[in-house]
Amino acid sequence: SKQTKKANAFFAGLGGTKRIVLGDTLVEDFSPEEIEVVVAHEMGHQAHRDIWRLVTVGTLGTAASTFVVERAARWAVERFPRRLHLRSLDDVAALPLLAFISGLVGLVLMPLANAYSRRLERRADTFALNLTRTPRAFIGSMRRLAEQNLADPNPSALVKYLLYSHPPIEQRIAHAQEWESAHE
């Protein structure tokens with residue numbers, strides 16, 4: 001609360017350092033039932049080994065993108081040496097080219113990584129609903145998160161596709177309502 005009014009919780013650590021971290025703004029401003037749902041969501045990440053999944057996907061993505069950047073930059077230097085004023089990638093002057101190509105690769109990979117993350121988040125939401133069986137508390141926590149964090153509850157499809165690592169709040173609420181209807 002010294003740095004932000006946003007409510008936050010996350011699962012962190014590997015091995016013996018695993019923990020669920022709750023921000024003080026979340027603990028102070030949410031009801032016990034809402035906090036329980038948030039903790040259950042984070043427990044879902046542990047139960048599904050999402051940290052390891054993200055580490056693995058991140059490692060493979062980094063290796064693949066490094067390979068693509070190197071190949072594309074090498075091709076550009078061989079094809080356009082005069083225009084780029086470069087003879088090889090060993091030249092420090094190749095850094096802007098490498099940065100530019102890395103940015104392009106990132107633009108392609110970021111939406112894919114975010115889509116994968118949204119899938120893991122939805123699964124953790126389902127875990128929380130199944131564990132707590134309190135969809136009203138889940139919906140309340142989502143609304144409070146949106147309000148406190150100034151989140152757009154229903155962004156455009158393009159913004160969601162490009163930038164959102166979590167499902168938008170309205171989709172999470174709709175998921176909880178569907179869960180509630182299916183479990184009445």
Between CG on residue Leu131 and CD on residue Glu36, distance to nearest 0.5 Å: 7.5 Å
Single-linkage hydrophobic cluster Phe138~Val27, side-chain heavy atoms < 4.5 angstrom: yes
Side chains of Leu26 and Ile35: does their closest heavy-atom pair fall under 4.5 Å? yes
Under a 4.5 Å side-chain heavy-atom rule over Ile, Leu, Val, Met, Phe, Trp and Tyr, are Phe11 and Tyr116 clustered together? no
Using side-chain heavy atoms (C-beta onward) and a distance below 4.5 Å, is Glu34 in contact with Ser31? yes
Using atom types as modelled and distance alone, determine if a side-chain donor or acceptor of Asp91 lies under 3.5 Å from a backbone N or O of Ala93. yes
Give, for atom OG1 of Thr4 and atom CD of Gln148, the distance between the pair rounded to the nearest 0.5 Å. 8.5 Å
Gln177 CD: over 12 foreign heavy atoms closer than 6.0 Å: yes
Name all pairs fulfilling the salt bridge (Lys or Arg N to Asp or Glu O under 4.0 Å) condition that reach into residues 55-72, sequence neighbours left out, sorted by first residue then second. Glu70-Arg74
Which residues pass the salt bridge (Lys or Arg N to Asp or Glu O under 4.0 Å) test with Arg119, not counting sequence neighbours? none
State which residues pass ring pair (Phe, Tyr, Trp, His ring centres under 6.0 Å) with His183; sequence neighbours excluded, sorted by chain then number. Trp179
Salt-bridge criterion met for Glu33 and Arg136 (N-O under 4.0 Å): no
Given 3.5 Å as the limit, does a donor-acceptor pair link the side chain of Ser165 with the main chain of Ser117, or not? no
Using side-chain heavy atoms (C-beta onward) and a distance below 4.5 Å, is His48 in contact with Leu120? no
Compare all side-chain heavy atoms of Pro168 with those of Asp152 and state whether any distance is below 4.5 angstrom. no
A side-chain contact here means heavy atoms from C-beta on lying under 4.5 Å apart; do His41 and Phe127 qualify? no
Can you tell if the side chain of Val38 reaches within under 4.5 Å of the side chain of Phe10, non-hydrogen atoms only? no
May I ask whether Val68 and Leu112 are part of the same hydrophobic cluster, defined by side-chain heavy atoms of I, L, V, M, F, W, Y residues being less than 4.5 angstrom apart, directly or through others? yes
Is it true that Asp50 and Arg123 have a side-chain N and a carboxylate O under 4.0 angstrom from each other? yes
Show, in sequence, the C-alpha distance, side-chain angles and deciding distance for Asn114 and Leu162, and conclude whether the side chain to side chain contact (heavy atoms under 4.5 Å, CB included) test is met. CA-CA 7 Å; Asn114 283 340; Leu162 291 175; over 6 Å; no
Does some side-chain heavy atom of Met110 sit less than 4.5 Å from a side-chain heavy atom of Leu163? yes
Hydrophobic cluster membership, Phe80 vs Leu95, 4.5 Å side-chain cutoff: yes
How long is the gap from CD on Glu180 to NE2 on His175, to the nearest 0.5 Å? 12.5 Å
To the nearest 0.5 angstrom, please state how far the CD1 atom of Ile101 sits from the OG atom of Ser65. 12.5 Å
Is the shortest heavy-atom distance from the side chain of Arg172 to the side chain of Arg122 under 4.5 Å? no
